[in-house]
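Okay, so here's the structure we're looking at.
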Number of protein chains: 2
Amino acid sequence: MSQHRPPGAPERPVAVPALPDLPEATVARLPEYLRALHNLAENGHETVSSEWLATAAGVNSAKLRKDLSHLGSYGTRGVGYDVALLIDQIEYVLGLTQRRSVALVGVGNLGHALAGYDGFATRGFRIAALFDADPVRVGEEINGLVVQHVDELSRVATEESIAIGVIATPAAAAQRVADRLVAGGVTSILNFAPCVLTVPDGVDVRKVDLAIELQILSFHEHRKASQTALPAAGEAALPPLPGNLAATNPQEAIGT
Amino acid sequence: MSQHRPPGAPERPVAVPALPDLPEATVARLPEYLRALHNLAENGHETVSSEWLATAAGVNSAKLRKDLSHLGSYGTRGVGYDVALLIDQIEYVLGLTQRRSVALVGVGNLGHALAGYDGFATRGFRIAALFDADPVRVGEEINGLVVQHVDELSRVATEESIAIGVIATPAAAAQRVADRLVAGGVTSILNFAPCVLTVPDGVDVRKVDLAIELQILSFHEHRKASQTALPAAGEAALPPLPGNLAATNPQEAIGT
DNA sequence: AAGCGCTTGTGAAGACACGCACAAATCGCG
DNA sequence: CGCGATTTGTGCGTGTCTTCACAAGCGCTT
């Protein structure tokens, strides 16, 4: 959350023209800008140019300006962007002006780590409840929270108005957990289980699969290796290490 | 890896026309197809239609067919795709016919979980070495591997020909770690630290930021909330609970 | 052997995203 | 007060990704 607005102040001092509907690609980059802006703010910067911010976020400056222009114009020509104002603006659009409660299901290997990950707390989220299906784990206390049985999931989610759920269970259990989350009123799910979830319309699912990321890297390894190893192949014209053009610049590599 | 080819058999029985250069979006989906295919194979399916596989992978069938067509055509009209053949094909393209060694740096909260995550091992990767900067952690044994000091990183990576590195350190240390990985000959990096890495051309970086995923979900929560709060907007209330489609959808048949 | 139903592979069109390049706006300075 | 340096905001061309729709191909049945 922004430390630039006193806690008691109204949520949004500057009028915002409703919620603009942003391109999905832009939405995915806003959190990155936000992180860079917080870094700048901590270092005492009050304004920042698009060039600077873009470099800090790993994108090119034209893209950054276009992204920000979708929020309405908040820069000053010849000067740059007001860091504090931009932070407020982005946090408002992302819905981070209220701390959001998250239910974490599955306190195994990964879930345990997520429960202790302070990156959530520092960026606007509060893990409000932990669940697991294993009776041995139920009752265990992690970071001040007691693990509850997954049968309680729907009830607790409803009672505490939890809107976001994180699934860190084995794949076999993920769909059942998702159903219970939905039944408990959850409308956004972050899924770490390697499987596809079926959810009703109106529920958003994002998937993070750690092995898939490695497999994508593996592909690029394979491609790089086959390029250097086969000078005689059809693509003979390619120099030993073309430093494949746009494909390996930071933007693309970082892109979701 | 595929269990459909005897361990001793030559790596690639069927000739593959060099490495086609695939659209990046396609590459990102191939691992998902692969996972679905392995599920099908375990359940004894020998062929699969694009419609079925697409549903299992969470994409639409036209996209799936176009993706697969980039690998060369391996389907039979009127029948579908040969599951075992397609698995081999995708694993070859992704470079998964050889088990790849990975160095994991940062054995804190998240790194510890990653070191114990069996999803890596089961999908073609071997964590070959663990590193940390904290002397207290050096020497600790995790899953049969001893944590080494990060100063050894470049040397060990070179000696063991490790091509992929995973960074699970705090953001402040990530760039230094990346530099050492590169110095050790690593050409692919999976970065869990919330920061942008600068690497030479020819090195691929993928970033996974857990908090960013939540922030993107938060945006959609915010948007949904502002829509329902304003009944004047075109979209009336969503139907209460559409329920899951038919009981005969591919997901269930696959039985993750 | 011919016909029929099913499924793949792909051309073409549309949607989206990206990056260049420049006009418009602002500030600081003489 | 005016001018030049700087930086934003954006129109536009380009390339990539997605989706539709259908011809071509395959196997099964009669």
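Chain letters run A, B, ... following the sequence lines, proteins first and then strands; every chain starts at 1.
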Subject >> N or O in side chain of A:Ser50 less than 4.0 angstrom from D:dT8 OP1/OP2 >> reply: yes

**OP:** For the pair B:Asp204 and A:Lys224, find out whether any cationic side-chain nitrogen is under 4.0 Å from an anionic carboxylate oxygen.
**Re:** yes

Original post:
So, the side chain of A:Gln89 versus the backbone of A:Tyr74: is there a donor-acceptor pair under 3.5 Å, distance only?
Top reply: no

Original post:
Taking atom types as they are modelled, is there a donor-acceptor pair under 3.5 Å from the base of C:dT7 to the side chain of B:Arg77?
Top reply: no

**OP:** Give the rounded distance in Å between these two atoms: NE2 of B:His70 and C1' of D:dT16.
**Re:** 11 Å

Subject >> Separation of atom CD in B:Glu24 from atom C1' in D:dT18, rounded to whole Å >> reply: 16 Å

**OP:** Could you check how far CD of A:Glu51 sits from C1' of D:dT8, rounded to whole Å?
**Re:** 12 Å

Original post:
When the distance from CG of A:Asn60 to C1' of C:dA17 is rounded to whole Å, what number comes out?
Top reply: 12 Å

Subject >> Upstream residue (5' side of DNA chain C) when B:Arg65 and A:Gly78 are each assigned their closest nucleotide >> reply: B:Arg65

Subject >> Distance test, side-chain N/O of A:Tyr74 to OP1/OP2 of D:dT7, below 4.0 Å >> reply: no

Subject >> Phosphate-side-chain proximity, A:Thr76 and D:dT8, N/O vs OP1/OP2 below 4.0 Å >> reply: no

Original post:
Judged by atom type as modelled, is there a donor-acceptor pair below 3.5 Å linking the side chain of B:His222 to the main-chain atoms of A:Val93?
Top reply: yes

Original post:
Looking for any heavy atom pair under 4.0 Å, which part of the strands does B:Ala25 touch: base, sugar-phosphate only, or nothing?
Top reply: sugar-phosphate

**OP:** Have a look at A:Ser218 and tell me which of B:Glu91, B:Arg100, B:Gln98 forms a side chain to side chain donor-acceptor pair (under 3.5 Å) with it.
**Re:** B:Arg100

Original post:
Could a donor-acceptor pair under 3.5 angstrom be found where the side chain of A:Lys66 meets the base of C:dG19?
Top reply: yes

Original post:
Whole Å only: how far is the NZ atom of B:Lys63 from the C1' atom of C:dC16?
Top reply: 12 Å

Original post:
Can you check the A:Asp67 CG to C:dC16 P distance for me, whole Å?
Top reply: 16 Å

Original post:
Would you say B:Tyr81 reaches D:dC26's phosphate, i.e. side-chain N/O to OP1/OP2 under 4.0 Å?
Top reply: no

Subject >> Atom pair distance, as rounded to whole Å: CG in B:Leu64 and P in C:dT10 >> reply: 14 Å

Original post:
When you measure from the side chain of B:Asn43 to the backbone N and O of B:His45, does any donor-acceptor pair fall under 3.5 Å?
Top reply: no

Subject >> Rounded distance (Å) that lies between atom P of D:dT7 and atom CG of A:Leu68 >> reply: 16 Å

